[in-house]
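Residue numbers run from 1 in the order of the sequence given. None of the values given here were measured: they were computed from a predicted structure.
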Amino acid sequence: MSKLWEEFKVFINKGNAMALAVGTIIGGAFGNITKSVTNDLIMPLVNIFMGGTDFSDAKIALPRMPWVEPTYETIVGADGAEIVQEVQNYLTYGNFISAVINFLILALVVFFIVKAMNKMSEAATRKEREEAEAAAAAAAAAAAEEAAKNPPAPTAEELLTEIRDLLKNK
């Protein structure tokens, strides 16, 4: 049990769980914003083109199959009288279209956020690469300067050739 607890503490401390929690909370709040944008700003404009009807209530009445017995419900009218009516099934496509528009808005915003994050990450990576290349060039220049100040020691072959020439000249 203590090993499991230690693994859990490591997981929490890595930041993955906290980033996930923050993302979930912000995502939920942002989902409400996109829903409001769709329902309060976009759909009223769509409703204008639909003849002023509330698009979220758009539906198609489904036919009753002839072999299925109808079901009835009793409702109370405005005057208090009970009204018996047949239960009708509907295909409510207005809510579905609103949900699709919500999704598209959310996907578009997430796309732009990811694109901006990638651009910032690329810029940071490019800056790090340029700094590393500059440091490598500076190190190579320093090594070349050091080599110019201190010429390399002669090789064994060069020393033997020099000794031979000195002995020959004696």
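- With sequence neighbours excluded, the residues forming a side-chain contact (heavy atoms from CB on, under 4.5 Å) with M120 are M117, listed by chain and number.
- Every ring pair (Phe, Tyr, Trp, His ring centres under 6.0 Å) that W5 has, sequence neighbours left out, goes to F8.
- By the rule that hydrophobic residues join a cluster once side-chain heavy atoms approach within less than 4.5 Å of another member, L166 and L160 end up as members of separate clusters.
- Note that CG of L104 is 10.5 Å distant from OG1 of T34, once rounded to the nearest 0.5 Å.
- Scanning all heavy atoms of the two residues, the minimum distance from E157 to T161 falls at O-OG1, 2.8 Å.
- There is no path of hydrophobic side-chain contacts, each under 4.5 Å, that joins I113 to I25.
- For the atom pair E130 CD and K127 NZ, the distance stands at 9.5 Å (nearest 0.5 Å).
- For the pairing with I105, the side-chain contact (heavy atoms from CB on, under 4.5 Å) check across V37, I33, V100 returns one residue only, V37.
- Other residues sharing the hydrophobic cluster of F111, ordered by chain and number and joined by side-chain separations under 4.5 Å: L108, F112.
- For R126, the salt bridge (Lys or Arg N to Asp or Glu O under 4.0 Å) test picks out E122, with sequence neighbours left out.
- Among residues two or more places apart in sequence or in another chain, the side-chain contact (heavy atoms from CB on, under 4.5 Å) test is passed with T92 by K59, Y90.
- Dense packing is recorded around CD of Q88, with more than 12 heavy atoms of other residues, nucleotides or ligands lying under 6.0 Å away.
- Members clustered with I163: L167, by chain and number, using a 4.5 Å side-chain heavy-atom cutoff among hydrophobic residues.
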